[in-house]
Amino acid sequence: MTIVQTLNKKLNPTVIFLGFFLLVAFLNDGFMGTDEYWNAMVKYLPAQTSSYTDLVDQTDVKSPLQVMPMHFGSQIALKLGVFHPYDQYRFTILFITIINLLIYLFSFQIIQSVRLWDFGSDFKIPGGVNSQQWQALCQKVFVLLFTFYFASSFTLTRPMFESLAAPWILLSMALFYRYKNDGRVLDLVGSTVTVSMAFVLRQQAGIGAVTVPLLLLLSKDFKGVLISSLVGIGCFVLAGIPDIFLRGGFHHSLIAVLTYNVEHGHEYGNGSIMFYPALLLGLSFFPFLYIGNTGKGIAGPVFKKLNYAWVFIALFVALHSYFPQKFERFMVSIIPLLIVLMAPFFARLVLMWPQKKWQLITMAVLNIFILINASFFPSQKNIINAALFIDRHNSIKTVYNLEKTIEWLPEKFIFLNRGYNIVDLSLASVKDQPTNNCQAAIIVNDFIWTQEKETLKDYHIVDTFNVNLIESFAYKFNKKNNIRRAPLHVLSNCKT
């Protein structure tokens, strides 16, 4: 049985997609960035004390509307009897994932119905496969890529703004192509509304809303341009009205985030303008997909048909390249569109098996290695477990942060130990600490512990919180420049 026959008859990619995403959401409690915690989690956790008014912070650049889905999830968890903030956070991950999965499934169904993978008679399909077989193969490759692509399952199941916007962007694309196929105005309205929803959940995604009227203008669909523009302006106005009542000004949050990025973005680094283009080339396995997918009748028809995906990505990258700070997670919102562009090229390589087997095997090995580590070995696990350790040990009232080992902890997870206090401690002051102090503990990273064992000779390790495999490799090969990726140790001089 050929690979095409196996994919078409033996697999149900949708079931695999649902199962894998839910598995990652259930097992992975890591998060990607500090702003995910400080701009969201501190507002909706613990659910017992969180209210809608807590989402409104006049000093914050984020809109209260962006945090509402997570707040709603934590409140449902509380109603179901989940009382600990950490467990509420875990429930919120599952809640957000389920909502996103429903949107993705709807998008997948539309993508299949509009024959998105039909690139016309000029497109070269290898292997003697007919158009119908190509459509079926490409749809399954798309869903399987969406499932097992290393940058997909972990990032798209996080309760963060970039992940919240991603499914709405894909749905907007799907509805746009259904409008192009059937000419139904309702689909065009839906495409504009859904991309506007992505804008509400992450303001920077709003630049992509230009994609719809721009493509319609280029295709001389002037009626469509008028409709999408009017609907888009209406959505923009509606999205700004809540800020008038919540934060005292029309689109206060949008203005605040743009102003903050322009004035303070350089404080977080000043990356090259080529950072995101280079990142996307790497994320797309470009060198591997390029070999075997060159020549007339391949890339041209694909990019002509999938113009929504690449135009949106181009606008999105251009906006983010303008700001000085460059973080990989900013690209999470466009990962579904990147997979759309990758799918037909990957499907062509599948059809050219075994001639292209080493390309496919190399991509598979690299992808699986990163996928397993990203999906099932959570990031930030050392500080999450440190917070949970403090939570479980009520007897510990003072936690010494040795030489500012920890820049921050997710203290919202510390719920049961109400009387704790975190205090900075220098190495020089260690000798002045009382002996046999069972109400205190020191948190220190592995780098300082191995360097200063003589200074800390009166202390023993109570517990250790490791990092994931990728972070561990980075630390072991370059300890000094990767101290933040070092394991954390809890030390004590308590002798009982």
Side-chain angles (χ1 to χ4, degrees), residues 104 106-126 129 131 134-146 149 151-152 166-182 187-188 190-192 194-195 198 205 207-219 221 224 228 276-277 280-281 283-286 288-290 292-318 331 333-351:
Y104 285 130
F106 186 38
S107 303
F108 292 171
Q109 188 273 327
I110 296 174
I111 287 171
Q112 185 171 23
S113 70
V114 301
R115 295 176 60 85
L116 184 66
W117 316 113
D118 183 359
F119 302 117
S121 58
D122 293 335
F123 180 68
K124 294 181 179 178
I125 304 175
V129 174
S131 178
W134 166 258
Q135 289 287 326
L137 171 67
C138 217
Q139 181 69 16
K140 291 192 174 184
V141 166
F142 168 65
V143 177
L144 289 172
L145 267 180
F146 212 103
Y149 175 51
S152 179
W168 295 102
I169 294 172
L170 184 67
L171 181 56
S172 174
M173 185 206 74
L175 290 169
F176 176 81
Y177 283 110
R178 193 160 74 176
Y179 167 74
K180 295 289 287 184
N181 270 25
D182 303 335
D187 287 326
L188 178 57
S191 178
T192 308
T194 48
V195 76
I207 187 68
V210 178
T211 303
V212 177
L214 177 61
L215 293 179
L216 294 175
L217 181 63
L218 292 175
S219 63
D221 181 358
S228 63
Y276 289 126
L280 290 180
L281 286 177
L283 287 175
S284 64
F285 288 115
F286 176 77
F288 301 100
L289 287 182
Y290 180 76
N293 280 313
T294 58
K296 187 178 179 181
I298 301 176
V302 171
F303 280 91
K304 182 178 179 181
K305 177 67 176 287
L306 303 181
N307 51 5
Y308 184 104
W310 70 260
V311 170
F312 192 109
I313 290 174
L315 292 169
F316 192 83
V317 168
M331 295 294 104
S333 298
I334 58 172
I335 283 176
L337 298 185
L338 186 64
I339 296 172
V340 167
L341 291 176
M342 291 169 60
F345 297 108
F346 196 89
R348 289 191 84 258
L349 292 182
V350 170
L351 289 175

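Numbering starts at 1 and runs along the sequence shown.
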Taking every non-hydrogen atom, the tightest pair across A198 and A205:
O-CB, 3.9 Å

Supply the atom-to-atom distance L281 CG to Y276 OH, rounded to the nearest 0.5 angstrom.
15.0 Å

Relative to each other, are the rings of Y149 and F285 parallel, tilted or perpendicular (30° and 60° limits)?
perpendicular

The test is side-chain contact (heavy atoms from CB on, under 4.5 Å); show your working for F346 and L144 and say whether it passes.
CA-CA 11 Å; F346 196 89; L144 289 172; over 6 Å; no

Scanning both residues in full, the closest heavy-atom pair of R115 with K305 reads O-NZ, 3.1 Å

Nearest heavy-atom pair of P126 and L351: which atoms, and what distance?
O-CD1, 3.6 Å

Side chains of L216 and F176, heavy atoms from C-beta outward: is any pair under 4.5 Å?
yes

Distance (rounded to the nearest 0.5 Å) between Q109 CD and R178 CZ:
7.0 Å

Donor-acceptor pair, W134 side chain versus I125 backbone, under 3.5 Å?
no

Check: F108 ring centroid to F142 ring centroid under 6.0 Å:
yes

Look up atom CD1 in I111 and atom SG in C138, then write down how far apart they are to the nearest 0.5 Å.
11.0 Å

Answer with yes or no whether the side chains of S172 and S191 bring together a donor and an acceptor at under 3.5 Å.
yes

Test item: F146 and L170 side chains (from C-beta on) under 4.5 Å apart, heavy atoms:
yes

Determine yes or no for a side-chain-to-main-chain donor-acceptor pair under 3.5 angstrom, with R348 supplying the side chain and K124 the backbone.
yes

Could you check whether any side-chain heavy atom of L116 comes within less than 4.5 Å of a side-chain heavy atom of L306, counting everything from C-beta outward?
yes

Within the structure provided, determine whether P277 and V317 are in side-chain contact (heavy-atom separation under 4.5 Å).
yes

Over all heavy atoms of both residues, which pair between P213 and V210 is shortest? Give the atoms and the distance, please.
CD-O, 3.3 Å

Would you compute the distance between atom OG1 of T194 and atom CG of L171 and round it to the nearest 0.5 angstrom?
4.5 Å

Quick one: do F316 and L337 satisfy side-chain contact (heavy atoms from CB on, under 4.5 Å)? Show the steps, please.
CA-CA 11 Å; F316 192 83; L337 298 185; over 6 Å; no

Would you say that N181 contacts Y177 through its side chain, given a criterion of any heavy-atom pair below 4.5 Å between the two side chains?
no

Can you tell me how far the OG1 atom of T211 sits from the CH2 atom of W310, to the nearest 0.5 Å?
10.0 Å

Parallel, tilted or perpendicular: ring planes of F119 versus W117, cut at 30 and 60 degrees
perpendicular

Taking side chain as C-beta onward, heavy atoms only, is M173 less than 4.5 Å from S107?
no

Smallest separation among heavy atoms of V195 and T192, with atom names
CG1-O, 3.2 Å

Can you check side-chain contact (heavy atoms from CB on, under 4.5 Å) on I335 and L283, steps first, answer last?
CA-CA 9 Å; I335 283 176; L283 287 175; 5.6 Å; no

Quick one: pull up CD1 in I207 and CG in L315 and give me the separation to the nearest 0.5 Å.
5.5 Å

Please tell me if the side chains of S284 and L338 come closer than 4.5 Å, counting only heavy atoms from C-beta onward.
yes

Quick check: do L188 and V212 have side-chain heavy atoms less than 4.5 Å from each other?
yes

Heavy-atom pair with the smallest gap, counting every atom of L137 and A347:
CD2-O, 4.1 Å

